[in-house]
Amino acid sequence: VVGDDLIDLNRDCGTASKTARRMRTELRNVAEGRKSCENEAVGYVSWLVRTVEADEEDLRWCDDLTSKIELLVQSDVISDARTNRERKRDELARKRAEKEAAKRREEEETERRRSLESAKRSTTAAPGMVWNPATREYQYRSDETMGESWRH
């Protein structure tokens, strides 16, 4: 009985020893991995410092820009610029409308002249034309020899 207990105890001791060695190896691997990561992180510290400095510079620039914008908003520069822009836009629209009206008047005048010339031409009869009271214009007289002469 005592011998069996000693054998079991020896077996348990061997298993515990193997487990302790395996855990020690795992712990060493974790420690080496951590050391490797820490050494690698040291290389990024200078880069991170420069990035933080650049961010601080950007923040100062943004603060400066914000203060300039606030000064512009408080001054009358924006409203003056808006008024000038609207005035120029209205003036351009007025000029465009005047040009279009002048062009329309010119076209109407040209059409009126053309109509008058056409009316002048149609008031005089050319040789072979007769006045048609129904259409109120001169028309060529139809040739009596042509047309329905075959019916006679």
Side-chain angles (χ1 to χ4, degrees), residues 1-126 129 132-140 142 146-148:
V1 179
V2 172
D4 289 339
D5 287 341
L6 286 175
I7 292 174
D8 289 339
L9 194 57
N10 186 23
R11 192 178 313 135
D12 291 342
C13 224
T15 306
S17 176
K18 285 180 188 178
T19 304
R21 273 186 257 131
R22 191 180 71 238
M23 294 302 253
R24 181 177 170 230
T25 305
E26 286 180 24
L27 188 60
R28 181 174 177 86
N29 290 338
V30 168
E32 287 174 354
R34 182 176 175 189
K35 182 179 179 184
S36 168
C37 289
E38 288 174 353
N39 288 338
E40 186 178 340
V42 168
Y44 291 106
V45 170
S46 62
W47 180 78
L48 292 171
V49 168
R50 285 192 305 270
T51 303
V52 168
E53 290 171 354
D55 289 345
E56 288 174 353
E57 183 180 329
D58 289 345
L59 288 173
R60 281 192 300 274
W61 182 81
C62 287
D63 290 340
D64 184 44
L65 184 62
T66 302
S67 64
K68 288 178 181 179
I69 290 173
E70 288 174 357
L71 287 174
L72 281 174
V73 168
Q74 291 172 358
S75 70
D76 291 334
V77 172
I78 293 175
S79 62
D80 291 345
R82 182 180 299 126
T83 304
N84 288 338
R85 184 177 60 242
E86 289 173 356
R87 188 171 4 100
K88 286 179 182 179
R89 188 181 314 135
D90 292 343
E91 186 175 332
L92 285 174
R94 183 184 53 79
K95 286 181 180 179
R96 191 177 312 121
E98 287 175 359
K99 284 182 181 179
E100 288 175 2
K103 184 178 178 181
R104 206 173 327 116
R105 282 192 302 271
E106 181 69 29
E107 288 173 356
E108 289 172 358
E109 181 64 25
T110 304
E111 182 61 31
R112 190 182 65 78
R113 285 186 195 136
R114 200 175 297 133
S115 175
L116 284 174
E117 289 175 10
S118 171
K120 284 180 184 177
R121 277 189 246 128
S122 68
T123 58
T124 58
M129 294 182 88
N132 183 347
T135 60
R136 303 185 80 157
E137 63 181 8
Y138 286 100
Q139 294 179 341
Y140 284 101
S142 59
M146 300 301 285
E148 298 183 17

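Because the structure is a prediction, the values reported are computed rather than measured.
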Rounded distance [0.5 Å steps], CZ in R114 versus CD in E107: 10.0 Å
Within the distance-only criterion (no hydrogens, no angle test), does the side chain of T110 pair as donor or acceptor with the backbone N or O of E106 below 3.5 angstrom? yes
Counting C-beta onward and ignoring hydrogens, is there a side-chain heavy-atom pair between S36 and E32 closer than 4.5 Å? no
Hey, could you give me the CG/CG distance between L48 and D55, rounded to the nearest 0.5 Å? 10.5 Å
Which value, rounded to the nearest 0.5 Å, describes the distance between D58 atom CG and T51 atom OG1? 10.5 Å
Separation between CD (E26) and OG1 (T19), nearest 0.5 Å, reads 10.0 Å
Between R104 and E108 (salt bridge meaning N to carboxylate O under 4.0 Å), is one present in this structure? no
To the nearest 0.5 angstrom, please state how far the CD atom of E86 sits from the CG atom of D90. 7.0 Å
Between R21 and S17, is a side-chain hydrogen bond (donor to acceptor under 3.5 Å, both in side chains) present by the stated rule, with each step listed? CA-CA 6 Å; R21 273 186 257 131; S17 176; 2.9 Å; yes
Output, in order, the C-alpha distance, side-chain angles, deciding distance and verdict of salt bridge (charged side-chain N to carboxylate O under 4.0 Å, His left out) for K95 and E98. CA-CA 5 Å; K95 286 181 180 179; E98 287 175 359; over 6 Å; no
Give the intermediate values and the outcome of salt bridge (charged side-chain N to carboxylate O under 4.0 Å, His left out) for residues R60 and D64. CA-CA 6 Å; R60 281 192 300 274; D64 184 44; over 6 Å; no
Can you confirm whether more than 12 heavy atoms, excluding those of R34, are under 6.0 Å from its CZ atom? no
Sidechain N-carboxylate O distance under 4.0 Å for E109, R105: no
Mind checking the OG1-CG spacing from T66 to L59? Nearest 0.5 Å is all I need. 10.0 Å
